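As structure tokens, the structure follows; a few thoughts come after it.
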Amino acid sequence: MSAPKASISTLIVGGTAAYGLDLSPWRPVGEPIILHTPYGPSPPITLLQPDPDHPPVGFCSRHGWDALKRSAAFLNHRAIIWGAKMLGVTTIFSWNGVGAIHEALDVGDLVAPADLIDFTRTRVTTFGHPDLKPASGPAFHPVARTAILRSLPSAPRPSPLANPTYVCTEGPRLETAAEIELYRRAGADVVGMTLSPEAFLAQEAGIMYASLGYVTNFATGRDLGRPPRRQFGPVVAQTCLPLLLQAAAVLDVSH
Ligand code: HPA
């Protein structure tokens, strides 16, 4: 692993609508960095320093830069997490669009998942660990998750669920209504396609990882008589990036 010139402690991995986001309000520093990892190139990582009193934070868009180039099923998760490790990152915050399974959730709500059910089937979830691994704590790191929760009071409305569970599906197709009903009975509150293996690889790399979910739609069959709504537009990124930068600042102050 060759040491890159920059070193940062926090990386924000952007999901829905991160592509094409105008980063100028968050004061980019220098040119984007691409790390050459054993798994291929990382996405370009831009350093952002909105507040000169806090160190720069890395930002990358996991689905590509100027457009949605790769959906979750086709991402190079290992290059992202390995690249973060090369930069010395100790915390990753990510955001991702989720479908609402729990009836209390509405489109536009924000959730910080407390646990994860993995229903993916084809993804590589390790850097090559040859043996059984003891579970090393919850999928989402409590310290990083608390930093996200502390950034949420300023969000559009209080998060309706205290400890939501996220189910990760394989994609790229959306789920059937029967699948969503299975996940609901298993205890899932929101559904997405991105957090496995990202969270598990970060854990293996010794990086604290937590995620912010933006409810973009009702999961299949879960509109429950409400008019169908979808929000995959720029507002997702414009809401999530500042909250995660705030979470990074919370963490910076508390360390
Ligand atoms: N299903 C899976 N992934 C998603 C959804 C969904 O309904 N919404 C946003 N990401």
Side-chain angles (χ1 to χ4, degrees), residues 1-15 18 21 23 26-65 75-96 112 124-129 133 136-151 194-212 237 240-255:
M1 187 188 284
S2 62
K5 290 197 192 87
S7 168
I8 46 168
S9 60
T10 306
L11 175 69
I12 295 175
V13 178
L21 186 63
L23 294 175
W26 297 286
R27 297 180 194 276
V29 183
E31 290 298 311
I33 305 163
I34 296 180
L35 283 314
H36 298 284
T37 83
Y39 307 99
S42 74
I45 297 173
T46 304
L47 304 191
L48 303 176
Q49 193 170 22
D51 178 348
D53 291 339
H54 290 283
V57 169
F59 166 77
C60 69
S61 165
R62 61 158 95 75
H63 298 286
W65 189 230
L75 294 180
N76 189 346
H77 297 275
R78 288 188 295 179
I80 299 174
I81 304 300
W82 194 277
K85 196 70 187 167
M86 288 171 75
L87 282 173
V89 164
T90 51
T91 307
I92 294 177
F93 295 119
S94 72
W95 84 74
N96 52 291
V124 183
T125 59
T126 176
F127 289 110
H129 202 287
K133 280 180 291 180
S136 41
F140 302 105
H141 197 285
V143 172
R145 183 170 176 261
T146 300
I148 292 184
L149 291 173
R150 287 180 58 192
S151 77
T194 32
L195 297 189
S196 175
E198 208 168 88
F200 299 121
L201 292 172
Q203 202 173 50
E204 190 176 320
I207 299 174
M208 295 197 290
Y209 182 97
S211 187
L212 176 62
C240 293
L241 180 58
L243 290 172
L244 293 181
L245 285 166
Q246 210 173 308
V250 164
L251 210 60
D252 184 41
V253 168
S254 61
H255 277 82

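Residue numbers count from 1 along this sequence. Every value quoted in this text rests on a predicted model; they were computed, and no experiment measured them.
Checked by atom type and distance alone, the side chain of Q203 never pairs as donor or acceptor with a backbone atom of Y209 at under 3.5 Å. For the pair S9 (side chain) and T90 (backbone), a donor-acceptor distance under 3.5 Å is absent. With hydrogens and angles disregarded, a donor-acceptor distance shorter than 3.5 Å links the side chain of S211 to the backbone of S94.
When all heavy atoms are compared, the tightest approach of P55 to D252 is CD-OD2, 3.3 Å. Between C60 and I80, the shortest heavy-atom distance links the atoms SG-CG2, 4.5 Å. Listed here is the closest heavy atom pair of I45 and S42: CD1-OG, 4.3 Å. Of all non-hydrogen atoms in A18 and S61, the two that sit nearest each other are CB-OG, 3.6 Å. Between F200 and A139, the shortest heavy-atom contact is CE2-CB, 4.2 Å. Nearest heavy atom pair, residue M208 against residue A144, reads CB-CB, 4.2 Å.
A distance of 9.5 Å separates CG in L245 from OG1 in T10, rounded to the nearest 0.5 Å. Atom CG of L244 is separated from atom CZ of F59 by 10.0 Å, given to the nearest 0.5 angstrom. Going from atom OG of S196 over to atom CG of L201 covers 8.0 Å, rounded to the nearest 0.5 Å. Here the straight-line distance linking atom CG of N96 with atom CG of L212 works out to 7.5 Å at 0.5 Å rounding. Atom NE2 of H77 is separated from atom CZ of R62 by 7.5 Å, given to the nearest 0.5 angstrom. Rounding to the nearest 0.5 Å gives a distance of 11.5 Å between CD1 of I8 and CD of Q49.
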query = Do T37 and R78 pass the side-chain contact (heavy atoms from CB on, under 4.5 Å) test, and can you show the C-alpha distance, the side-chain angles, and the key distance before you say yes or no?
reply = CA-CA 9 Å; T37 83; R78 288 188 295 179; over 6 Å; no
Criterion side-chain contact (heavy atoms from CB on, under 4.5 Å) on L243 and F93, from CA distance to verdict = CA-CA 10 Å; L243 290 172; F93 295 119; over 6 Å; no
ask   = Could you walk me through whether F127 and I81 pass the side-chain contact (heavy atoms from CB on, under 4.5 Å) check?
value = CA-CA 10 Å; F127 289 110; I81 304 300; 3.8 Å; yes
Intermediate values then yes/no, side-chain contact (heavy atoms from CB on, under 4.5 Å), Y39 and V124 = CA-CA 12 Å; Y39 307 99; V124 183; over 6 Å; no
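Among L23, V29, I33, the one residue that satisfies the side chain to side chain contact (heavy atoms under 4.5 Å, CB included) test with T46 is L23.
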